[in-house]
Amino acid sequence: MFWDIVISALLVIGGVFGLVGSFGLVKLPDPMTRLHAPTKAATLGVGSILIASMVWFAAKQGHLTLHELMVTVFIFLTAPITAHFISKANIFRDWPADKLPRPAGEGDWAVHTADADTSQGELAVERETEAEEKAD
């Protein structure tokens with residue numbers, strides 16, 4: 001009975017996080033705030049469902065499975081990296097360098113510097129477009 005309660009609680013927690021993440025993805029106003037909902041749902045919701053699966057196999061079937069643990073670790077590692085890439089692309093696409101708040105320290109935003117992972121051509125086109133808009 002104890003393991004049934006633990007498994008059920010983990011499944012309910014995973015479902016609630018999935019529901020909240022889906023709702024946030026639809027209802028939040030802009031891409032940067034919308035980004036947080038699915039990444040949190042993926043890490044916490046899917047993670048708790050996979051942990052519930054591990055507990056079920058260990059408690060009910062009598063053998064330990066590590067597949068769920070590997071998937072959980074993979075999701076915990078990839079969701080923040082994916083969110084970082086999406087936010088970086090959004091900053092590059094939607095925010096000119098002069099509209100961004102100053103980052104801490106002496107540096108500048110990596111997405112708007114020539115030695116970043118963005119090609120020189122893309123930066124040159126953006127600067128020309130900004131110069132034309134300012135001239136008009």
Side-chain angles (χ1 to χ4, degrees):
M1 180 74 168
F2 172 74
W3 292 114
D4 290 335
I5 294 171
V6 169
I7 293 167
S8 299
L10 286 169
L11 289 173
V12 168
I13 289 169
V16 167
F17 274 110
L19 180 67
V20 169
S22 307
F23 186 73
L25 183 62
V26 172
K27 289 293 184 180
L28 290 173
D30 59 63
M32 292 301 273
T33 56
R34 246 190 324 258
L35 179 66
H36 294 289
T39 55
K40 302 305 181 253
T43 54
L44 298 172
V46 175
S48 69
I49 289 172
L50 289 169
I51 291 170
S53 176
M54 281 180 55
V55 171
W56 186 81
F57 275 110
K60 299 293 183 176
Q61 299 293 319
H63 64 292
L64 184 64
T65 61
L66 296 178
H67 296 96
E68 291 90 350
L69 182 62
M70 291 183 347
V71 171
T72 303
V73 168
F74 179 74
I75 289 173
F76 278 27
L77 292 176
T78 57
I81 294 168
T82 305
H84 174 73
F85 285 151
I86 292 170
S87 65
K88 194 170 181 177
N90 184 29
I91 288 173
F92 179 71
R93 186 190 69 184
D94 294 341
W95 293 76
D98 58 340
K99 301 258 186 195
L100 288 171
R102 294 292 311 153
E106 296 179 18
D108 200 3
W109 288 93
V111 100
H112 287 291
T113 58
D115 59 348
D117 59 353
T118 308
S119 72
Q120 294 271 358
E122 289 175 294
L123 289 171
V125 169
E126 182 177 331
R127 288 187 185 121
E128 288 174 9
T129 307
E130 288 175 7
E132 290 172 3
E133 288 175 0
K134 287 180 184 178
D136 292 334

Separation between CZ (Phe2) and CD1 (Ile7), nearest 0.5 Å, reads 10.0 Å
State the OG1-CG distance between Thr72 and Leu66, to the nearest 0.5 angstrom. 11.0 Å
Member of Leu11, Val46, Val6, Leu10 meeting the side-chain contact (heavy atoms from CB on, under 4.5 Å) criterion with Ile51: Leu10
Do you know the tightest heavy-atom contact between Ile49 and Gly15? CD1-N, 4.4 Å
Any chain of hydrophobic side-chain contacts (each under 4.5 Å) joining Leu64 to Trp56? no
Under the salt bridge (charged side-chain N to carboxylate O under 4.0 Å, His left out) definition, can you give me all pairs with a residue in residues 63-80, not counting sequence neighbours? none
Enter the distance from Thr65:OG1 to Met70:CE here, rounded to the nearest 0.5 Å. 10.0 Å
Quick one: are Leu50 and Ile75 in side-chain contact, heavy atoms under 4.5 Å? yes
With rounding to the nearest 0.5 angstrom, report the CZ to NE2 distance, Phe57 to His63. 5.5 Å
Quick one: closest heavy-atom pair of Ala59 and Trp3, and the distance? CB-CG, 3.5 Å
So, taking the atom named CD1 in Ile86 and the one named CG in Asn90, what distance separates them when rounded to the nearest 0.5 Å? 9.5 Å
Heavy atoms from other residues, nucleotides or ligands near CZ of Phe76 exceed 12 (cutoff 6.0 Å): yes
Applying salt bridge (charged side-chain N to carboxylate O under 4.0 Å, His left out), name anything that partners Lys27, two or more places apart in sequence or on another chain. none
